Amino acid sequence: MPETAPPDSSLPALPARTLRRALLTWYDGARRELPWRTPRGETPDPWRVLVSELMLQQTTVATVQGRFEPFLARFPTLAALAEAPLEEVLHAWQGLGYYRRARALHACARAVIERHGGRLPLTADALADLPGIGAYTAAAIAAIAGEEAVVPVDANVERVLSRVLAMEAPLPGARPKLRASAQRLAAPERAGDFAQALMELGALVCTPRRPACLACPWQRWCAAARRGDQESFPRKVERAPRAVRHATAFLLERVDGAVLFRRRPLEGLLGGMIELPSTPWLEDPEAVAAAMADSAPARTVWTPIPGEVRHVFTHLDLTVRLVRGTIEDGEDGMWTRPFRFSELALPTFTKKLLRHAGLRW
DNA sequence: TACGCGTGGGG
DNA sequence: TCCCCAAGCGT
């Protein structure tokens, strides 16, 4: 007789109503106070929900917590952000990463003005048509701000459900199945709380490593916990290794202390953000040396700054050497003295280089 | 479908 | 130091 893997259990076999009640009861006692959360029973401002959800895409709660209120103070309403130039939105997004989100939020706000009279739609279908809003974010906003009975599925929910089901199929291929399973748990009552409770469970109890199963309101229904291999879920397909790149960046200073910057193209990595001039980012360090003459922003004496700066992006491991040069003046470009660096949309990568050069602002 | 897209924290 | 991971989206 051939060996067969145990079949995945399925949510329809689980008592949805009982699961919902257990989770909501747990949530009422365990929920964190977060800047974008209103007191229980109060309906949140859709604009605040939209901003929080965009910020939280692939970004930890800890990071967003310190950034949310300052951003809201600068852009208190959807209309305020729609009226602002993109450059200001990028500036406010410094350090948050995935800068396309800032452009998407800007485009989204303008689309809401044009297509919805300035009022954010609160159904998942309508939300999903807006820039930067995909399946997860549409469901999250619709549930939290609109009390629509939809279940957003983020990485927390994927982890929780893949464990409850002991789902052998790996992510991301199994995502549609997980979304369908999640939606079977939806209820018309307390849709926003249920959505947040499910994510909160993943964040506080059903964690990637060493989940606190003894504190879990769903433990008795969890197939993985029963088997004792809960940490092995969700199964995932192996990722490609990160590419390695090298570059040399040019710190060109004018006699008045101004530094030459440039803006990256809107599309692609660090789109629209400000950087130091540099060689192309190349696999071969020797090719970088060969590219220096063509890449230098001015003809002057370039003095190496000792050491190097390593910056790891999602799919790139970049090592940068810095050289410093001085010119009298006359060069066109984005010249900025250090006391005005704070006005530039500087990604962390650029700030690292500036700090490595000993500049403070 | 698979890949490009930042950054910081935890183990 | 290294690896994993995070309230994903667009193409």
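Given the structure is predicted, the values throughout are model-derived calculations rather than measurements. Reckoned from all heavy atoms, side chains included, excluding hydrogens, waters and symmetry mates.
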- At under 4.0 Å between heavy atoms, what does Gly95(A) touch on the DNA or RNA strands: base, sugar-phosphate, or nothing? sugar-phosphate
- Message: Mind checking if Gly202(A) touches a base, just sugar-phosphate, or nothing, with heavy atoms under 4.0 Å?
- Response: nothing
- Task: Please tell me if the side chains of Glu200(A) and Tyr27(A) come closer than 4.5 Å, counting only heavy atoms from C-beta onward.
- Result: yes
- Query: Say you pick atom P in dG6(B) and the same atom in dT11(C); how far apart are they, in whole Å?
  - Reply: 15 Å
- Classify the nucleic acid contact of Leu96(A) as base, sugar-phosphate or nothing, counting any heavy atom under 4.0 Å across all strands shown. base
- Message: Rounded to whole Å, please give me the gap between CG in Asp317(A) and P in dC2(C).
- Response: 9 Å
Polar-atom pairs under 3.5 Å, protein N or O versus N or O of nucleotides 3-5 of chain C: list them with distances, or write none.
none

- His311(A) side-chain N/O to dT7(B) phosphate OP1/OP2 under 4.0 Å: yes
- Note on the structure: Numerically ordered, the residues 353-361 of chain A set in heavy-atom contact under 4.0 Å with DNA chain B is none
- Task: Have a look at Val312(A) and say if it touches a base, only the backbone sugar-phosphate, or nothing, with a 4.0 Å heavy-atom cut-off.
- Result: base
- Expressed in angstrom and rounded to an integer, what is the separation of Leu316(A) atom CG from dG4(B) atom P? 8 Å
- Message: Would the distance check show the side chain of Thr279(A) and the main-chain N or O of Thr248(A) forming a donor-acceptor pair, the cut-off being under 3.5 Å?
- Response: yes
- Message: Any non-hydrogen side-chain atom of Leu198(A) less than 4.5 Å from a side-chain atom of Leu23(A)?
- Response: yes
- Rounded to the nearest angstrom, tell me the gap between atom CD1 in Ile141(A) and atom C1' in dG8(C). 12 Å
- Message: For a quick check of understanding: with a heavy-atom distance under 4.0 Å over all strands, which category does Arg67(A) fall into, base, sugar-phosphate or nothing?
- Response: nothing
- Please work out if Pro152(A) contacts a base, only the sugar-phosphate, or nothing of the nucleic acid, heavy-atom cut-off 4.0 Å. nothing
- In whole Å, what is the span from the CG atom of Leu127(A) to the P atom of dG8(C)? 17 Å
- Message: Tell me the interatomic distance from Arg103(A), atom CZ, to dG4(B), atom C1', rounded to whole angstroms.
- Response: 12 Å
- Item | Heavy-atom donor-acceptor pair, Thr59(A) side-chain to dG8(B) base, under 3.5 Å | no
- Query: At under 4.0 Å, does any side-chain N or O of His315(A) touch on OP1 or OP2 of dG4(B)?
  - Reply: no
- Query: Is Arg74(A) close to His91(A) at the side-chain level, that is, under 4.5 Å between some pair of heavy atoms?
  - Reply: yes
- Query: Does the side chain of Arg159(A) pick up a donor-acceptor pair with the side chain of Thr207(A) at under 3.5 Å?
  - Reply: no
- Please confirm whether the backbone N or O of Trp335(A) pairs with a side-chain atom of Arg340(A), one donor and one acceptor, at under 3.5 Å? no
- salt bridge (Lys or Arg N to Asp or Glu O under 4.0 Å) with Glu168(A): of Lys177(A), Arg163(A), Arg235(A), only one passes, and it is Arg235(A)
- Message: Does Trp93(A) reach a base, just sugar-phosphate, or nothing at all? Heavy atoms under 4.0 Å.
- Response: nothing
- Should Arg264(A) be listed as having a side-chain N or O under 4.0 Å from OP1 or OP2 of dC5(B)? no
- Can a donor-acceptor pair be found between the side chains of Tyr136(A) and Glu53(A) at a distance below 3.5 Å? yes
- Does Tyr99(A) put a side-chain nitrogen or oxygen below 4.0 Å from OP1 or OP2 of dT7(B)? yes
- Note on the structure: note: Gln65(A), atom CD; dT7(B), atom C1'; distance rounded to Å ~ 16 Å
- Task: Would you indicate whether the side-chain heavy atoms of Thr319(A) and Val309(A) approach each other to under 4.5 Å?
- Result: no
- Leu198(A) has an atom CG; how far is it from atom P of dA7(C), in whole Å? 12 Å
- Task: May I have the step-by-step check of side chain to side chain contact (heavy atoms under 4.5 Å, CB included) for Leu127(A) and Thr137(A), ending in yes or no?
- Result: CA-CA 8 Å; Leu127(A) 284 160; Thr137(A) 306; over 6 Å; no
- Item | Derivation of the side chain to side chain contact (heavy atoms under 4.5 Å, CB included) call for Leu252(A) and Val259(A) | CA-CA 6 Å; Leu252(A) 182 59; Val259(A) 173; over 6 Å; no
- Message: Does the structure place the NZ or CZ of Arg264(A) under 6.0 Å from the centre of the six-membered ring of Trp281(A), at an angle of no more than 45° from the ring's axis?
- Response: yes
- Item | Closest-nucleotide 5' rank along DNA chain B - winner of Pro172(A) and Lys352(A) | Pro172(A)
- Heavy-atom side-chain proximity of Leu260(A) to Phe250(A) below 4.5 angstrom: no
- Message: Using the P atom as the point on both nucleotides, what is the distance between dA7(C) and dG4(B), in whole Å?
- Response: 23 Å
- Message: I need the OH-C1' distance between Tyr98(A) and dC5(B), as an integer number of Å.
- Response: 5 Å
- Message: On the side chain of Thr314(A), is there an atom forming a donor-acceptor pair with the base of dG6(B) - under 3.5 Å, no angle test?
- Response: yes
- Task: Tell me which of Ala62(A) and Gly97(A) sits closer to the 5' end of DNA chain B, going by the nucleotide each one is nearest to.
- Result: Gly97(A)
Which pairs, protein N/O on one side and nucleotides 9-11 of chain C N/O on the other, fall under 3.5 Å?
unit_1	atom_1	unit_2	atom_2	d
dC9(C)	OP1	Gly134(A)	N	2.8
dC9(C)	OP1	Gly134(A)	O	3.4
dC9(C)	OP1	Thr137(A)	N	3.0
dC9(C)	OP1	Thr137(A)	OG1	2.7
dC9(C)	OP2	Tyr136(A)	N	3.4
dC9(C)	O2	Arg100(A)	NH2	2.4
dG10(C)	OP1	Gly132(A)	N	2.5

- Query: Any donor and acceptor pair, going by atom type alone, linking the side chain of Arg110(A) with main-chain N or O of Ala82(A) inside 3.5 Å?
  - Reply: yes
- Message: Using a 4.0 Å heavy-atom cut-off, does Ile144(A) contact any base of the nucleic acid, only the sugar-phosphate backbone, or nothing at all?
- Response: nothing
- Message: Under 4.0 Å from OP1 or OP2 of dG8(C): is there any side-chain N or O of Gln58(A) that close?
- Response: yes
